[in-house]
Amino acid sequence: YVAPVIEEIEINYSLDLSVEYLSRKVFITPQYLSRLFRRFLGCSTYEYLTSFRISRAKELLITCPRLEIQDIALRTGFSDSSHFIAVFKKAVGATPLEFRRQN
């Protein structure tokens, strides 16, 4: 169940993915999917999705210095830039702009 969900996340991370949607893809409940993720990867499905999106955002911040923060947020699946900035800062310890300046 976990491998096809990881593949879906890696391919479609920029889309509006939810744990409910991902669990339906493999015909199990969202709770069971998160339990499997926690058992095999040490994090919930949502945490894995967010972590994957943040790693892609970091790549874009470094490789595309002219790309606006709002565009990076949209390209990595965040619905608005303020939510993206808050999640990014919590995960990385710096805002996207600070991260870009440091790298």
Side-chain angles (χ1 to χ4, degrees):
Y1 296 114
V2 174
V5 171
I6 289 174
E7 186 177 339
E8 181 74 18
I9 289 171
E10 290 177 353
I11 294 168
N12 295 314
Y13 65 92
S14 63
L15 303 177
D16 184 24
L17 297 179
S18 68
V19 178
E20 289 76 20
Y21 167 80
L22 293 167
S23 65
R24 280 196 308 269
K25 296 281 283 181
V26 291
F27 308 103
I28 60 175
T29 66
Q31 296 82 4
Y32 186 56
L33 181 61
S34 281
R35 207 172 315 128
L36 290 173
F37 260 76
R38 191 157 304 282
R39 183 184 312 152
F40 294 111
L41 301 173
C43 63
S44 71
T45 312
Y46 178 76
E47 289 168 338
Y48 182 86
L49 172 62
T50 303
S51 170
F52 190 83
R53 286 175 167 167
I54 293 296
S55 70
R56 288 294 178 258
K58 286 171 153 180
E59 288 175 19
L60 289 172
L61 285 163
I62 293 168
T63 60
C64 305
R66 293 212 165 108
L67 203 55
E68 298 280 335
I69 300 301
Q70 300 89 293
D71 295 328
I72 291 173
L74 291 174
R75 287 184 185 197
T76 54
F78 291 91
S79 54
D80 67 90
S81 56
S82 60
H83 180 246
F84 166 65
I85 292 167
V87 170
F88 191 94
K89 184 168 183 163
K90 184 177 179 187
V92 179
T95 66
L97 220 48
E98 292 166 347
F99 178 83
R100 182 180 264 167
R101 283 192 202 117
Q102 293 166 0
N103 294 284

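A continuous path of ILVMFWY side-chain contacts below 4.5 Å connects L49 to L33, so both sit in one hydrophobic cluster. Residues V87 and L60 fall within the same hydrophobic cluster, defined by Ile, Leu, Val, Met, Phe, Trp and Tyr side chains chained together at heavy-atom separations under 4.5 Å. Hydrophobic clustering (ILVMFWY, side-chain heavy atoms < 4.5 Å, transitive): L22 and F40 are in one cluster. Hydrophobic clustering places V2 together with Y13 (ILVMFWY residues linked when any side-chain heavy atoms are closer than 4.5 Å, directly or through intermediates). Linking ILVMFWY side-chain heavy atoms closer than 4.5 Å, directly or via other members, places V92 and L97 in a single hydrophobic cluster.
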Donor-acceptor list for residues 71-85 side chains, cut-off 3.5 Å, not counting sequence neighbours:
residue: T76; atom: OG1; partner: I72; partner atom: O; Å: 2.7
residue: T76; atom: OG1; partner: A73; partner atom: O; Å: 3.3
residue: D80; atom: OD1; partner: S82; partner atom: N; Å: 3.2
residue: D80; atom: OD1; partner: S82; partner atom: OG; Å: 2.6
residue: D80; atom: OD1; partner: H83; partner atom: N; Å: 2.9

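In this structure, K58 NZ and R100 CZ are separated by 14.5 Å, a value rounded to the nearest 0.5 Å. Rounded to the nearest 0.5 Å, atoms CD1 (I54) and CD (E59) are 12.0 Å apart. If you take OH on Y1 and CZ on R35, they are separated by 12.5 Å, rounding to the nearest 0.5 Å. In this structure, CG in L17 is found 5.5 Å from CZ in R53, a value given to the nearest 0.5 Å. Note that CG of L36 and CD1 of I28 are 5.0 Å apart. Values are rounded to the nearest 0.5 Å. From L67, atom CG reaches atom CD1 of I62 across 13.0 Å, with rounding to the nearest 0.5 Å.
Within a 6.0 Å sphere centred on CZ of F52, other residues, nucleotides and ligands contribute more than 12 heavy atoms. Remark: N103 CG is packed, more than 12 non-hydrogen atoms of other residues, nucleotides or ligands lying under 6.0 Å away. Annotation for Q70: atom CD counts as buried by contact number, over 12 foreign heavy atoms lying within 6.0 Å.
Under the 3.5 Å distance criterion, the side-chain polar atoms of R56 are left unmatched by any main-chain donor or acceptor of E10.
Under the salt bridge (charged side-chain N to carboxylate O under 4.0 Å, His left out) criterion, K89 pairs with no residue at all, not counting sequence neighbours. Every residue meeting the salt bridge (charged side-chain N to carboxylate O under 4.0 Å, His left out) condition with E47, not counting sequence neighbours, appears here in chain and number order: R38.
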Item to complete: Might you work through the side-chain hydrogen bond (donor to acceptor under 3.5 Å, both in side chains) test for T29 and S23, ending with a clear yes or no?
Response: CA-CA 6 Å; T29 66; S23 65; over 6 Å; no
Discussion item. For a side chain to side chain contact (heavy atoms under 4.5 Å, CB included) check, start with the C-alpha distance between F37 and V5, then their side-chain angles and the critical distance, and finish with the verdict.
Written reply: CA-CA 10 Å; F37 260 76; V5 171; 3.7 Å; yes
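Residues F88 and L61 form a side-chain contact, since some pair of their non-hydrogen atoms from C-beta on lies under 4.5 Å apart. In this structure the side chain of T95 never reaches within 4.5 angstrom of the side chain of I69, judged on heavy atoms.
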